[in-house]
Amino acid sequence: MSIRAHFAPIREIPKAEQGRHVLASVTFTTTASLTLTEHGSPDLAIPMADGPAQEFREVWTVPGRPRWAIRDDLAYAHDGQYLFIAGLLPEQDVYTPPVRKLYEKAFALVNHLGYAHIFRMWNFVGDIVGANAEGMEVYQDFVQGRAQAFETYKGRGTAHMPAATGIGTRDRGIAFSLLASHQDVPRHVENLKQTPAYHYPKEYGPKPPSFARATILGDALYVSGTASILGHATVHQGDVESQTRVVLDNIAHLVSRENLTAQGIDDGHELKDLRLIKVYVRHASDIPAVRAACEEACGTGVEVKYLNVAVCRDDLLVEIEGIVPGREWAL
Ligand SMILES: C=C(O[C@@H]1C=C(C(=O)O)C=C[C@H]1O)C(=O)O
């Protein structure tokens with residue numbers, strides 16, 4: 001029995017399916033907060049919706065009964081097999097040192113609680129392509145702090161870097177959530193059409209981003225936030241329809257048998273297998289065109305959430321993430 005997620009309306013208290021328990025939730029709403037719900041589970045709220053129509057919650061459920069706690073700027077939940085941690089950092093002049101400190105604290109907790117494997121991270125970065133007080137781009141400032149924290153997590157290698165998303169919000173400040181497993185060993189996957197993000201050249205910033213393109217845990221495949229990047233270069237600047245097609249092609253290739261078998265994984269999927277799809281669109285006016293392309297590629301029977309936020313390079317107009325669920329998810 002594995003960890004699972006589903007989307008839910010934000011008005012109801014997070015609920016689990018029969019025989020399972022809520023681990024934690026992430027609420028896509030209009031203001032940031034890190035709280036425990038009235039049933040006790042952690043909820044990270046992120047300002048990413050432009051109004052009630054875009055608000056939703058992602059609820060993570062697990063087989064075991066979790067323990068929950070909140071301490072200063074971190075909240076966590078764990079059931080013996082899976083751990084969720086979320087953190088919130090208010091707006092700063094410069095992010096590298098406080099991001100490093102917060103992420104190191106989270107990684108120390110991962111180790112202390114005995115969950116050896118981080119398999120998915122989300123990084124919510126307000127004003128992501130804006131400048132910090134010293135003129136450095138906020139995303140690069142964040143990436144540097146996170147990279148320093150990862151070096152203290154398991155040394156300088158990249159083999160432990162999980163699937164991730166690093167995306168803008170509609171406010172300032174940074175938040176994150178992560179998932180780690182106690183026993184299940186994740187398998188991190190690259191996309192042979194894209195340079196591994198941790199090998200991006202210095203032109204994108206002093207430190208490369210610390211993430212893998214996808215992670216397999218059990219029989220689920222977690223697809224990182226994916227943009228219109230081939231090799232390490234943005235393609236189709238200013239053309240949202242072409243960018244969306246490249247994003248969908250990138251994901252189709254990432255999950256394909258061709259890409260997975262080339263990395264020693266005997267499996268293969270299609271875009272239509274994706275669930276829990278989130279689409280981040282820089283300009284609200286582009287949402288209809290992006291939606292049409294996604295429906296054509298992924299089918300209309302799948303619930304897709306659209307959020308109007310900035311992406312981590314100012315020439316990227318759209319980014320997509322999702323999960324190919326395990327066979328027992330029944331989504
Ligand atoms: C879009 C890209 O990166 C984004 C930034 C990420 C991060 O910094 O964690 C992860 C995935 C994407 O959300 C990319 O570099 O391809």
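Whatever order the structure lists ligands and atoms in, that order sets their numbers, starting from 1.
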key: Ion pair R120/E321, N-O distance below 4.0 Å   = yes
request  = State if I229 counts as touching ligand 1 under the rule of any non-hydrogen atom under 4.0 Å.
outcome  = yes
query = So is A197 in contact with ligand 1, going by heavy-atom distances below 4.0 Å?
reply = no
Output side-chain donor-acceptor pairs under 3.5 Å for residues 66-75, partner residues at least two apart or in another chain, one line each.
{"unit_1": "W68", "atom_1": "NE1", "unit_2": "L23", "atom_2": "O", "d": "3.2"}
{"unit_1": "R71", "atom_1": "NH2", "unit_2": "Y76", "atom_2": "OH", "d": "3.3"}
{"unit_1": "D73", "atom_1": "OD1", "unit_2": "K105", "atom_2": "NZ", "d": "2.7"}

Test: E151 and K207 ion pair at under 4.0 Å = yes
Proximity flag T165 to ligand 1, non-hydrogen atoms under 4.0 Å = yes
message = Tell me the protein heavy atom at minimum distance from atom 9 (O) of ligand 1, and give that distance in Å.
response = R146 NH1, 2.6 Å
remark   = among protein heavy atoms, the one nearest atom 6 (C) of ligand 1 is G166 N, 3.2 Å
Run the side-chain donor-acceptor check on residues 49-56: report pairs under 3.5 Å with partners two or more places apart or on a different chain.
{"unit_1": "Q54", "atom_1": "OE1", "unit_2": "D50", "atom_2": "N", "d": "3.0"}
{"unit_1": "E55", "atom_1": "OE2", "unit_2": "T29", "atom_2": "OG1", "d": "2.6"}

query = In terms of residue, atom name and distance, what is the protein heavy atom nearest to atom 13 (O) of ligand 1?
reply = E319 OE2, 2.4 Å
inquiry  = Quick check on H232 - does any of its heavy atoms sit under 4.0 Å from an atom of ligand 1?
reply    = no
query = Among protein heavy atoms, which sits nearest to atom 2 (C) of ligand 1, and what does the distance come to when rounded to 0.1 Å?
reply = C312 SG, 3.9 Å
message = Please check if the number of heavy atoms outside E295 that lie under 6.0 Å from its CD is greater than 12.
response = yes
task = Indicate, as side chain, backbone, both or neither, the part of N123 found under 4.0 angstrom from ligand 1 when only non-hydrogen atoms are considered.
result = side chain
message = If only side-chain N and O atoms count, and only distance matters, is there a donor-acceptor pair under 3.5 Å linking H160 with Y153?
response = no
message = If you take the nearest heavy atom of each of Y139, F142, F211, which one is closest to atom 8 (O) of ligand 1?
response = Y139
query = Are D184 and S181 linked by a side-chain donor-acceptor pair shorter than 3.5 Å?
reply = no
ask   = With a 4.0 Å cut-off on heavy atoms, does R213 reach ligand 1?
value = yes
query = Does a salt bridge link K278 with E58, judged by any charged N lying under 4.0 Å from a carboxylate O?
reply = yes
inquiry  = Give me the nearest non-hydrogen protein atom to atom 14 (C) of ligand 1 as residue plus atom name, then the distance to 0.1 Å.
reply    = Y200 OH, 3.2 Å
message = Check this for me, if you would: do K101 and E104 make a salt bridge, where the nitrogen-to-carboxylate-oxygen distance has to be below 4.0 angstrom?
response = no
key: For A227, atoms of ligand 1 separated by under 4.0 Å from a heavy atom   = 1 (C)
